[in-house]
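So you know, we letter chains A, B, ... as the sequences are listed, proteins then strands, and number each from 1. It should be emphasised that the depicted structure is a prediction, and the values quoted were computed from it without experimental measurement.
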2 protein chains.
Amino acid sequence: MVKSVTLREAWSGEADCRNCALRTTVLFAGLEEEDFDRIHDPIDQFDLRQGTALYQTGERGDYMFTVRSGALKLVQYLPDGSQRIVRIARGTDVLGLEVLLDEPYQHDAIALQRTEVCRFPARLVKDLGQNSPKLHKELMTRWQRALTEADAWLTELSTGSARQRIARMLLRLARDNANHDCELLSREDMGAMLGITTETASRTIASFKREGLLTETQPNHVILNIASLRRIAED
Amino acid sequence: MVKSVTLREAWSGEADCRNCALRTTVLFAGLEEEDFDRIHDPIDQFDLRQGTALYQTGERGDYMFTVRSGALKLVQYLPDGSQRIVRIARGTDVLGLEVLLDEPYQHDAIALQRTEVCRFPARLVKDLGQNSPKLHKELMTRWQRALTEADAWLTELSTGSARQRIARMLLRLARDNANHDCELLSREDMGAMLGITTETASRTIASFKREGLLTETQPNHVILNIASLRRIAED
DNA sequence: CGACGGTTTGAGCGACATCAATCCCCGTGG
DNA sequence: CCACGGGGATTGATGTCGCTCAAACCGTCG
């Protein structure tokens, strides 16, 4: 358990949209300059410490978010109190699509590391989306991406032995990472992600280290032996 | 394994859209009469026998589908050949949203029972969607629904003991079914849905029968003891 | 220094997988 | 009509992977 801080504490000032590195890749790519002036105003940027909740299940907010850096876990809870991580949002991902349909947030969104996000009113997207085919398509793409992720979690991360699941998770974490390295999650989060216990996660990771499947360079930072992991992942 | 027949064999004539019971609930709800005339033409209706594949992973087709009756499973495969059912589509659900983004189908879609579907070109939705805010919103709703389903499968159907998963699955199958009854899937499909073996599925169902948690009225048709199943599902 | 949260490791047990035999239902052909 | 065959469901026996409970370890922070 990590304690949460309020969003208010995380406020880090007006967003620097115009110079935002994400501008061309993110939700508003393809907007005209004049549209762009209209949207700058209500956008705030936040800087979340590890463990901070961006929003919580059932909350009604009129805000959507884009992730600038870092990562958040999207968590759902079962009646018995156990939790399951259903997705991880990283750079350029959009959070809170559900508020476009006036629904409350469907998950707890919690920062896994230090994480920067931009917050903007869903109103903005609703208005612009009506008449902008480009934004319309962009939105569909976002949804499709989330859905593909969700399906992959089911087939890759919730199927097979613990060794297989962890191998697949590692490969996923390091994907599009040239050096084949990545930050490890806490063992508890691994468990919630893969549907196994923290002890099993710990044991498996430890075992992978001993077998040379991964090398710890700094605390919790590892380099993967891709080929061997892939062999484990696939059968 | 059930053999597949081609779609061609399943063709059952021009769709009767104007009198379709789904007209008001389905994708095209809210279209104007004039729009409606434009779309009737290219719509075909199919009648799928159990085991028929509506489409397959990786196929490129320009068609989307609505389910009129029956049910289809959406299946994905792992490199090692094992399969996982990631969703079930039933009455009024829309299939093939991904082709709106010019992507190939992401699953095998296979009829679980005798199933009626309507097929229409994605082109239609692309064209109408550009300028129709209503359709735009309807599409987002569809996507959101699929995503919510996907998340629920992860938290409810891939978490906990086999007994819990099967209980949750049964409650799901019978949901919005006044008599608390439902058709059972094959044990193999249950396994692929819950990430357990067919033997475990079989044993658990048999055990539920003995315990009076479900009563078989006709072969593979059961009435559920909702209260007791819920108790099992929740802890 | 002690306390605390997370990780690792151990021992034992139980749930589920595996392998295999039997049963049951139905359709098919002699 | 019945024997036969095949596919799915059921049941059993056995092994094992991962859960559970518990202790020890480790780094950090007060």
Side-chain angles (χ1 to χ4, degrees), chain A residues 1-4 49-51 73 78 80-84 110 112-113 157-170 183-211 213-214 216 218-222 232 235, chain B residues 1-4 49-51 73 78 80-84 110 112-113 157-167 169-170 183-211 213-214 216-222 232 235:
Chain A
M1 291 301 134
V2 190
K3 73 169 189 302
S4 295
R49 290 201 328 223
Q50 177 174 110
K73 56 178 174 180
L78 287 166
D80 72 354
S82 61
Q83 58 178 274
R84 190 88 202 240
I110 298 173
L112 287 169
Q113 324 153 5
L157 302 183
S158 302
T159 307
S161 67
R163 276 176 73 85
Q164 289 178 311
R165 296 186 196 188
I166 292 210
R168 297 194 195 114
M169 176 199 68
L170 291 170
E183 292 293 317
L184 293 183
L185 304 181
S186 79
R187 306 302 176 260
E188 194 178 349
D189 281 341
M190 289 185 191
M193 198 170 154
L194 305 175
I196 60 181
T197 58
T198 75
E199 292 96 328
T200 300
S202 174
R203 270 186 248 271
T204 308
I205 291 289
S207 160
F208 278 8
K209 281 183 201 163
R210 283 190 288 268
E211 298 172 41
L213 297 176
L214 43 88
E216 192 158 27
Q218 307 158 25
N220 252 2
H221 189 104
V222 295
I232 292 179
D235 62 35
Chain B
M1 290 302 133
V2 191
K3 73 167 187 302
S4 295
R49 291 200 327 222
Q50 178 176 109
K73 58 178 173 181
L78 287 167
D80 72 353
S82 61
Q83 57 177 275
R84 191 86 202 242
I110 299 173
L112 288 169
Q113 324 153 5
L157 303 184
S158 301
T159 307
S161 67
R163 277 175 72 85
Q164 289 178 310
R165 297 187 197 188
I166 292 209
M169 176 199 69
L170 291 171
E183 292 293 317
L184 293 182
L185 304 181
S186 80
R187 306 300 176 262
E188 194 179 348
D189 280 340
M190 289 185 193
M193 197 169 154
L194 304 176
I196 60 180
T197 58
T198 75
E199 292 95 328
T200 300
S202 174
R203 270 185 249 271
T204 308
I205 290 288
S207 160
F208 278 8
K209 282 183 200 162
R210 284 190 287 268
E211 298 171 42
L213 297 176
L214 44 88
E216 192 158 28
T217 54
Q218 306 159 27
N220 252 2
H221 189 104
V222 295
I232 292 178
D235 60 38

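Rounded to an integer number of Å, the gap from B/E188 CD to D/dG6 C1' is 15 Å. When the P atom of D/dT11 is taken as reference, atom CZ of B/F208 falls 15 Å away, rounded to whole Å. The nearest whole Å value for the distance from the CZ atom in B/R163 to the C1' atom in C/dA17 is 18 Å. Note: NZ (B/K209) to C1' (C/dC24) measures 12 Å, nearest angstrom. The distance between atom CE of A/M190 and atom P of C/dT8, rounded to the nearest whole Å, is 8 Å. Rounded to whole Å, the distance from CG on A/D189 to C1' on C/dT7 is 14 Å. Atom CG of B/N220 and atom P of C/dC25 are 12 Å apart (whole Å). In this structure, A/I205 atom CD1 and C/dT9 atom P are separated by 12 Å, rounded to whole Å.
Put simply, A/S186 has no side-chain N or O that comes within less than 4.0 Å of OP1 or OP2 on C/dG6. Side-chain N/O atoms of A/T197 include none lying less than 4.0 angstrom from OP1 or OP2 on D/dG18. Here A/R210 reaches the OP1 or OP2 of C/dT9: one of its side-chain N or O atoms lies under 4.0 Å away. An OP1 or OP2 oxygen of D/dC17 is reached within less than 4.0 angstrom by no side-chain nitrogen or oxygen of A/S161.
The side chain of A/R187 lies closest to C/dT7, out of D/dC19, D/dT10, C/dT7.
Looking at every heavy atom in both residues, A/T200 comes nearest to A/A162 through CG2-CB, 3.7 Å. Minimum interatomic distance between B/R165 and B/L157 (heavy atoms only, all atoms of both residues): CD-O, 3.3 Å. Across all their heavy atoms, B/S207 and B/E211 have their closest contact at OG-OE2, 2.6 Å.
Here the straight-line distance linking atom OG of A/S158 with atom CZ of A/R84 works out to 4.0 Å at 0.5 Å rounding. Remark: A/I232 CD1 to A/L170 CG distance equals 9.5 Å, nearest 0.5 Å. Here the CD atom belonging to B/E183 is positioned 11.0 Å from the CG atom belonging to B/L112, to the nearest 0.5 angstrom. Within the model, atoms CE of A/M193 and CD of A/E188 stand 14.0 Å from one another, a figure rounded to the nearest 0.5 Å. Atom-to-atom distance recorded for A/I196:CD1 and A/M169:CE is 7.5 Å, nearest 0.5 angstrom. Atom CE of B/M190 sits about 4.5 Å away from atom CZ of B/R187, to the nearest 0.5 Å.
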Using a cutoff of under 3.5 Å, can you pull out all pairs of nitrogen or oxygen atoms linking the protein to nucleotides 28-30 of chain D, with atom names and distances?
none

Got a list of protein N/O to nucleotides 21-23 of chain D N/O distances below 3.5 Å?
residue, atom, partner, partner atom, Å
D/dC21, N4, A/E199, OE2, 3.2

